[in-house]
Amino acid sequence: GMTVGGAGVAFGGAGTSVHGNLGLTSSGAVTQAGALTVKGTSTLTATGQPIALALAGNDFQSDVTATGASVSLTDANALTTHLAAGSATLVATGALGVDGSTTGALSASGNGVVLGATTVGDTLAVAGGNGTVTQTGALSVAHASTITTSGQDVTLGDAANAFQAPVTVTGANVTLVDAGALTAHVTAAAATLTATTGALGVDGSTTGDLSASGAGIAFGATTVHGALTANSSGAVTQSGALQVSGASALNAGTSDIALADAGNHFGGLVTATGGAVTLADSAALSAHLNGVASAALTAAGAIAVDGTTTGDLSAGGASVTLGATTVGGALSATAATGDVAQSGTVTVGGTSTLAASAGAIALANPNNDFAGAVSAGAGGAVSLADVNALTAHVASGAGATLAAGGVLTVDGSTGGALQAAGNGLVFGPGSTTVGAALTAQSGTGTITQAGSLAVSGTSTLDAGTNAITLATATNDFG
């Protein structure tokens, strides 16, 4: 072995080979002019002084412990280093292993990097080359972290990690965990990001899936070419457009989900669990609402929605299709160019406002239940059905077909025929204008009115054995 001490140590240009351990203590700088080979361990102590052993021909064949102000170590092969430094730059042609602490920045490059328990007082730069970036101990970084590999995995999943500033990471399968908050910019094949007790901020892109967990999640401009999973104990928000090719599962518990950027596009089904949910899509949007407090959905293309809200549901798109949907509050469905239709039973606890200015409204499932009044305006035909009573105000450019298991109350206008069937039928409270024929059928109740009735075509009225009372003086039967 070799033991060296002095007020500064300089390894000469002829090169130095140590067949055992190297022990070095210096009160000055440690430098070199020729390559250094050490077969055993190296202990380099230059407290408060620089250690500059950065020649490409160096070969530290066993562990290096380095204490100094600024530490630069380079190895032609693999390098394993324990640091107590002001700052450090470590380069290995093979794998690099590092632990310890710096009060300043740490730069670590190798073909594969393994981080032990490491504390970095400033920025962290890790270049994993053609190898993975992993860890065996917790990592604490005071300022920004940049972690890159050439198509290899980055796995920094220790629960005690603390990235106190943004992390920029490039790799294949990326895993980042922070015990508190985490902000990450990701370029990866797939990524799993976890902020255990703090908020998670994320942007960037993945060619595959993205899984994000935090006590609040904020998406910047993010492109996910696979599936998106977001689990949050706080609100899910965004500051940039979100593009997801696959399915999206968004769970904010009882907190809000606010993803209303007009540039969003969810290519697959969005399943949302949360408080107030707001979703926007620059194309079509398909959403399942998993017991949310309320929902406001907007799409430039078609909207398909099902699920449950305890409060209001608003859906506006080129067309709107309601699957099996239960709305605890009010329903608003607006189709800009197409129809308002259904593929499952619709139940609404409050009022319903339905608009299809260039299309039809077709909500004729006999198991529907509109507890509040329904206002339906369409350029085309209107079809409504209710298993119980139905109160409807209709403005149809064509005809309307209304059916209720209980009393049907209707007013408004149709450009075409009106077919109205219920167990009890009331025209009103406003006036009713029918542009063609009227067919009114009451199974077990009377046919009456609370507003005037004008019919351009023939009128067929059937109340069985019950009374028909249409005696308002302003009625006009064509």
Side-chain angles (χ1 to χ4, degrees), residues 3-5 8-9 11 18 21-32 36-56 58-129 131-148 154 156 158 160-165 167:
T3 302
V4 180
V9 175
F11 292 100
V18 181
N21 298 329
L22 170 64
L24 182 153
T25 303
S26 177
S27 59
V30 177
T31 61
Q32 69 181 142
L36 180 60
T37 299
V38 183
K39 292 188 176 181
T41 61
S42 300
T43 302
L44 312 174
T45 303
T47 304
Q49 300 297 320
I51 298 173
L53 302 177
L55 291 181
N58 291 340
D59 187 8
F60 299 97
Q61 297 176 21
S62 189
D63 295 354
V64 179
T65 299
T67 302
S70 59
V71 173
S72 298
L73 298 176
T74 298
D75 198 301
N77 297 297
L79 174 63
T80 301
T81 307
H82 174 75
L83 294 173
S87 62
T89 300
L90 310 177
V91 179
T93 302
L96 172 65
V98 58
D99 63 14
S101 65
T102 65
T103 57
L106 170 61
S107 174
S109 301
N111 281 298
V113 175
V114 179
L115 299 163
T118 308
T119 300
V120 182
D122 200 341
T123 59
L124 170 66
V126 177
T132 61
V133 176
T134 61
Q135 68 183 141
T136 58
L139 183 60
S140 177
V141 185
H143 294 145
S145 299
T146 302
I147 303 165
T148 62
V154 175
L156 300 177
D158 193 293
N161 288 341
F163 297 99
Q164 298 169 40
V167 180

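Note that the coordinates shown come from a computational prediction; the quantities given were computed from them, not determined experimentally.
With rounding to the nearest 0.5 Å, the separation of OG1 in Thr136 from CG in Leu115 is 8.0 Å. Asn111 contributes atom CG, which lies 10.5 Å from atom OG1 of Thr132 (distance to the nearest 0.5 angstrom). If you take CD on Gln164 and OG on Ser145, they are separated by 9.5 Å, rounding to the nearest 0.5 Å. Residue Asp122 holds its CG atom at 5.5 Å from NE2 of His143, rounded to the nearest 0.5 Å. The CG atom of Leu90 sits 6.0 Å away from the CG atom of Leu106 when rounded to the nearest 0.5 Å. For the atom pair CG of Leu24 and OG1 of Thr65, the computed distance is 12.5 Å after rounding to the nearest 0.5 Å.
Asp158 places no side-chain N or O within donor-acceptor distance of the main-chain N or O of Gln135, the cut-off being under 3.5 Å. A donor-acceptor pair is defined here as one N or O able to donate and one able to accept, closer than 3.5 Å; such a pair exists between the side chain of Asn58 and the backbone of Leu53. Judged by distance alone, the side chain of Gln32 and the main-chain N or O of Ala54 form a donor-acceptor pair under 3.5 Å.
Considering all non-hydrogen atoms of both residues, Val9 and Ser26 come closest at N-OG, 3.7 Å. Across Val71 and Ala85, no two heavy atoms sit closer than the pair CG2-CB, 3.7 Å. A pairwise comparison of heavy atoms in Pro50 and Ala69 identifies N-CB, 4.2 Å as the closest pair. Closest non-hydrogen pair, Ala46 versus Ile51, comes out as CB-CG1, 3.9 Å. In plain terms, the two heavy atoms of Asp99 and Thr118 that are nearest each other are CA-OG1, 3.3 Å. The two residues Leu83 and Ala88 come nearest to each other via the heavy atoms CD1-CB, 3.6 Å.
Under the 4.5 Å side-chain criterion, counting only non-hydrogen atoms from C-beta, Leu124 is in contact with Leu139. Residues Ile147 and Leu156 are in side-chain contact: their nearest non-hydrogen atoms beyond the backbone lie under 4.5 Å apart. Side-chain contact check for Val167 versus Val141: every heavy-atom pair is 4.5 Å or farther apart.
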Worked check of side chain to side chain contact (heavy atoms under 4.5 Å, CB included) between Thr80 and Phe60: CA-CA 8 Å; Thr80 301; Phe60 299 97; over 6 Å; no
Val30/Gln49 under side chain to side chain contact (heavy atoms under 4.5 Å, CB included): CA gap, chis, key distance, verdict: CA-CA 8 Å; Val30 177; Gln49 300 297 320; over 6 Å; no
Could you walk me through whether Leu36 and Leu55 pass the side chain to side chain contact (heavy atoms under 4.5 Å, CB included) check? CA-CA 8 Å; Leu36 180 60; Leu55 291 181; over 6 Å; no
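Between the side chains of Thr41 and Asp63, no donor-acceptor pair of N or O atoms lies under 3.5 Å.
Asp59 pairs with exactly one of Thr74, Val38, Thr93, Asp75 by the side-chain contact (heavy atoms from CB on, under 4.5 Å) rule, that one being Asp75.
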